[in-house]
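First up is the structure itself, then whatever we jot down about it.
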Amino acid sequence: MLRVRFAPSPTGFLHVGSARTFIFNWLYARHNGGTMILRVDDTDVERNTEASLTSIFEGLSWLNLSWDEQYRQSERLALHRQMAEAIFATGLAYRDFTPAHEGDSPKPIAVGPPLSRPGEPAPKPTEGARQGGGAWLFNPGAREISREESDRRAAAGEPFALRFRVPREPERIIRFNDAVYGEQAKSTADIEDFALLRSDGMPTYHMASCADDADLRISHIIRGQDHLTNTFKHVLIFEAAGAALPQFAHLPLLVAPDGTKLSKRKHGPVVSVTTYRDAGFLPEAFVNFLCLLGWSPKNDQTMMSRQELIGLFSLEGINRANAVVNFKDVVVQPLSPPVVALPLKALGGPPLSLPGLERQGGGFLSSEEMFDPKALWLNAEHIRALPLDDLSQRLLPVVREAGFNVLPEYMLRITPLVRERIKLLKDVLTVADFFFVDQLPPYNPAELIPQKGDAAMALKALKKAHEVLANLPAADFKHDTLDANLRAAAQELKLKAGQMFQPIRVAVCGRKNAPPLFETLEVLGKEKTLARIEQAIGKVQ
RNA sequence: GGCGCUAUCGUCUAGGGGUUAGGACGGAAGAUUCUCAAUCUUCAAACCCGGGUUCGAUUCCCGGUAGCGCUACCA
């Protein structure tokens, strides 16, 4: 029975790296008909918050990801302690009565004899941490305390941490096979006596995680590569507890353009899944994008539906090198002097604004700056692949949230005009804004003047257009009729099509770049069209 | 410092002892159109360095370098 788990610790919003880890686990389970388990690793009471847990659920639900079983580590503490005690009973763990944090790195007080190899001199304590090489033996005296003394002090109520007694003499080579990174080996001389239980009785991550993985019969542990070296400790725990070793598969890390691990603290909103949701990514596109970081179907496919991903996914397709999420460094490194936000490319409207993404010194980051261009492209691809009514339904809430009370039927008519022009759902606000308002926001009248023309030409075109369109029954405000009439008018005025159409476009849309004119007029309707042309005439005069 | 991992166009990646080193994004140029977008065509762009093994290495081995990760009573 194949069983995989995703085990987030609720210490912040859902991280894109975590989301990808979930997805890979989920894909593996769904591909093989296995069981997907969500386990909340909340043993760190200091840092866990319920708000964080809520945000993780929110993120997963937006991505439309499902799981079959759910657990919470804080409800399974008895199990963890039980397994820790079982290990203690075998002699493979010992009580360390050193007060908490007194032995923490890098304070030199903990030095003691490092686990130096024969022949290597031990470093002097004053030299600081680990200069002699090898792993650190925490609080060396603690390991040697007799069982009698240990029992006595414990019975007296003295607090202690439980540490794993890593085999020292003879030193052993711990081995495991990783589905992605291959055969792994490490000497016990390089593994420190790590803690199993804290002095308050709470299990550490290593203990809780292994106890649960064993108890829940997890068959495959698919997780970030930052756990690769921890795995040796886990192998030790599994062994000591007499549990079967699961198959490990470590995933390359998601890194920032500067190569460092993506972190909430350093890279802020660009690592939060909610940022992508709020910016108007389609969940299916975002999942697609995440899958392409560190995994390949090896068949040159880039755009994949969820079903295709499930069908194509395999551990063999996972890459070993870290993958860069290619956002612009300005996101994390405020520029000085401050730079004005770039407008969205090709879209006349204001740049995308999202909370937390204000640029230092004012302005907002554009979507091209904060998102990986491939993510943007993939999102556009998925948008274009959506049926019109589906896309329209997803656009509607975005528009309404921006304060425009648009009817579903109207949205459906606008949708085909924006479908090929937006990369993010939110782009609809800058691409189709003129459909939503009664009054066009102010624009530069000079825009009304066509190529190789002057104000007189603009005026002539606008007046003629108004005349022609006014004579058209509202029912004839259809693409073909508009096309025929306006072209005829252009010919009559001896204007090129573009020279005729641009003034009208600017009059109606308030900018030069917009969806095709006749479709636009058709959707906008006779009344608004004429009103806007009249206003434009006023501006030119 | 110690240990582990990694290294193909700017980015995501395919490939693998002999290839014009493939694809995608992004970039450039052109076609098309009433603008924009979409679409189509074309172009530029990569095997970290040094040794070995071999008739032949980008590919296998070793070393170096660089990057990353771990090295907590965090996860």
Side-chain angles (χ1 to χ4, degrees), chain A residues 7-9 11 41-44 46-47 96 98-101 103-106 114-115 123 127-136 138 159-163 181 184-187 189-192 194-200 202-206 208-209 224-230 232 250 252-253 255 257 259-261 289 292-303 319-326 346-348 372-378 380 384 418-422 431 451 483 486-487 490 496-502 504-506 509 511-518:
Chain A
S9 65
T11 56
D41 279 12
D42 57 349
T43 54
D44 183 2
E46 306 264 302
R47 300 197 306 153
D96 179 355
T98 314
H101 303 297
D104 287 4
S105 158
L115 303 174
E127 282 179 327
R130 291 166 213 202
Q131 287 200 349
W136 195 288
F138 290 99
F160 61 85
L162 195 69
R163 285 186 186 280
Y181 289 92
Q184 302 294 314
K186 186 171 184 165
S187 164
D190 294 317
I191 304 174
E192 64 283 354
F194 54 95
L196 260 21
L197 252 31
R198 303 182 177 113
S199 45
D200 62 1
M202 287 290 280
T204 62
Y205 161 73
H206 300 302
S209 178
Q225 194 244 41
D226 46 349
H227 285 298
L228 189 64
T229 29
N230 284 332
F232 296 103
H250 287 88
L253 263 22
V255 297
T260 56
K261 184 161 96 154
F289 171 66
L292 258 17
L293 295 173
W295 173 80
S296 160
K298 297 183 190 277
N299 65 358
D300 285 351
Q301 250 183 292
T302 40
M303 181 170 161
N319 195 240
R320 278 178 286 272
N322 290 168
V324 173
V325 179
N326 204 8
L347 314 172
D372 191 311
K374 198 159 195 168
L376 253 12
W377 170 80
L378 261 177
R384 290 193 285 268
V418 302
R419 177 155 68 165
E420 286 175 350
R421 294 175 175 76
I422 58 175
V431 171
Q451 286 287 309
D483 188 331
L486 257 11
R487 267 182 215 282
K496 288 184 187 165
Q499 292 176 316
M500 176 78 192
F501 298 155
Q502 173 173 318
I504 306 175
R505 173 178 298 112
V506 174
C509 304
R511 77 178 87 99
K512 286 181 182 173
N513 299 340
L517 187 60
F518 310 126

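Predicted, not measured: the structure shown is a model, and the values here were computed from it. Within every chain, numbering begins at 1; the chains are lettered A, B, ... in the order of the sequence lines, protein sequences first and strands thereafter.
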Original post:
Under 4.0 Å between a side-chain N/O of A:R511 and OP1 or OP2 of B:C36, yes or no?
Top reply: no
**OP:** Check the distance between B:G23's P and A:L378's CG and give it to me in whole angstrom.
**Re:** 18 Å
Original post:
With rounding to whole Å, what would you report as the distance between B:C49 and B:U8 at their P atoms?
Top reply: 11 Å
**OP:** Compare the minimum distances between each of B:U39, B:C34, B:G4 and the side chain of A:L228, then state the nucleotide with the smallest one.
**Re:** B:G4
Original post:
OP1, OP2 of B:U6 versus side-chain N and O of A:R320: anything below 4.0 Å?
Top reply: yes
Original post:
Does B:A75 have OP1 or OP2 sitting under 4.0 Å from an N or O in the side chain of A:T43?
Top reply: yes
Subject >> Complementary nucleotide for B:A38 - Watson-Crick or wobble, under 3.5 Å >> reply: none
**OP:** Quick one: pull up CD in A:Q502 and CG in A:L517 and give me the separation to the nearest 0.5 Å.
**Re:** 11.0 Å
Subject >> Separation of the C1' atoms in B:C68 and B:C48, to the nearest angstrom >> reply: 15 Å
**OP:** Determine the contact category for A:L253: base if any of its heavy atoms lies under 4.0 Å from a base atom, sugar-phosphate if only primed atoms, P, OP1 or OP2 are that close, otherwise nothing.
**Re:** sugar-phosphate
**OP:** Mark up nucleotides 8-13 of chain B, 5' to 3', with B wherever a protein heavy atom is under 4.0 angstrom from a base atom, S wherever such an atom reaches only the sugar-phosphate, and - elsewhere.
**Re:** ---SBS
**OP:** In whole angstrom, give me the gap between the P atoms of B:G22 and B:C9.
**Re:** 14 Å
Subject >> Listed nucleotide nearest any side-chain atom of A:Y181, set B:C73, B:C3, B:U6 >> reply: B:U6
Subject >> Gap between atom CG of A:L486 and atom CE of A:M500 - 0.5 Å precision >> reply: 5.0 Å
**OP:** State which of B:C73, B:C70, B:G23 makes the closest approach to the side chain of A:D300.
**Re:** B:G23
**OP:** Provide, to the nearest angstrom, the distance between the CD1 atom belonging to A:I422 and the C1' atom belonging to B:A38.
**Re:** 13 Å
Subject >> Pair partner, B:A7 [Watson-Crick or wobble, under 3.5 Å] >> reply: B:U65
**OP:** Would you mind telling me which residue lines up with the more 5' stretch of RNA chain B, A:D200 or A:D226, judged by nearest nucleotide?
**Re:** A:D226
Original post:
Under a 3.5 Å cut-off for both distances, is B:U59 Watson-Crick or wobble paired, and to whom?
Top reply: none
Original post:
Quick one: the side chain of A:R421 and the base of B:C36, do they pair up donor-acceptor inside 3.5 Å?
Top reply: yes
Original post:
Distance from A:L228 atom CG to A:R320 atom CZ, nearest 0.5 Å?
Top reply: 11.5 Å
Original post:
Out of curiosity, A:F194 CZ to A:N230 CG, how far, rounded to the nearest 0.5 Å?
Top reply: 9.5 Å
**OP:** Return the nearest nucleotide to the side chain of A:Q184; candidates are B:A24, B:U35, B:C5.
**Re:** B:C5
**OP:** Go ahead and name the base partner of B:U53; Watson-Crick or wobble counts if both distances stay under 3.5 Å, otherwise write none.
**Re:** none
Original post:
If each of A:T260 and A:Q225 is mapped to the nucleotide of RNA chain B with the nearest heavy atom, which maps nearer the 5' terminus, i.e. the 5' end?
Top reply: A:Q225
Original post:
If we call it a pair only when both distances are under 3.5 Å in a Watson-Crick or G-U wobble match, what pairs with B:A46?
Top reply: none
Original post:
What's the spacing between A:L162 CG and A:S199 OG if we round to 0.5 Å?
Top reply: 11.5 Å
**OP:** Measure from the side-chain heavy atoms of A:K186 and tell me the nearest of B:C70, B:G26, B:C3.
**Re:** B:C3
Original post:
What is the base-pairing partner of B:A14, counting Watson-Crick and G-U wobble geometry with both distances under 3.5 Å?
Top reply: none
Original post:
Does B:U19 pair with anything, Watson-Crick or G-U wobble, both distances under 3.5 Å, and if so, with which nucleotide?
Top reply: none
**OP:** Any chance you could measure A:M303, atom CE, to A:R384, atom CZ, to the nearest 0.5 Å?
**Re:** 9.0 Å
Original post:
Mind checking who B:A72 pairs with, Watson-Crick or G-U wobble, both distances under 3.5 Å?
Top reply: none
Original post:
Taking atom C1' in both B:G26 and B:U32, what distance in whole Å separates the two?
Top reply: 23 Å
Subject >> Donor/acceptor link under 3.5 angstrom from A:T229 side chain onto base of B:C70 >> reply: no
Original post:
What integer number of Å spans the C1' atoms of B:U13 and B:C70?
Top reply: 27 Å
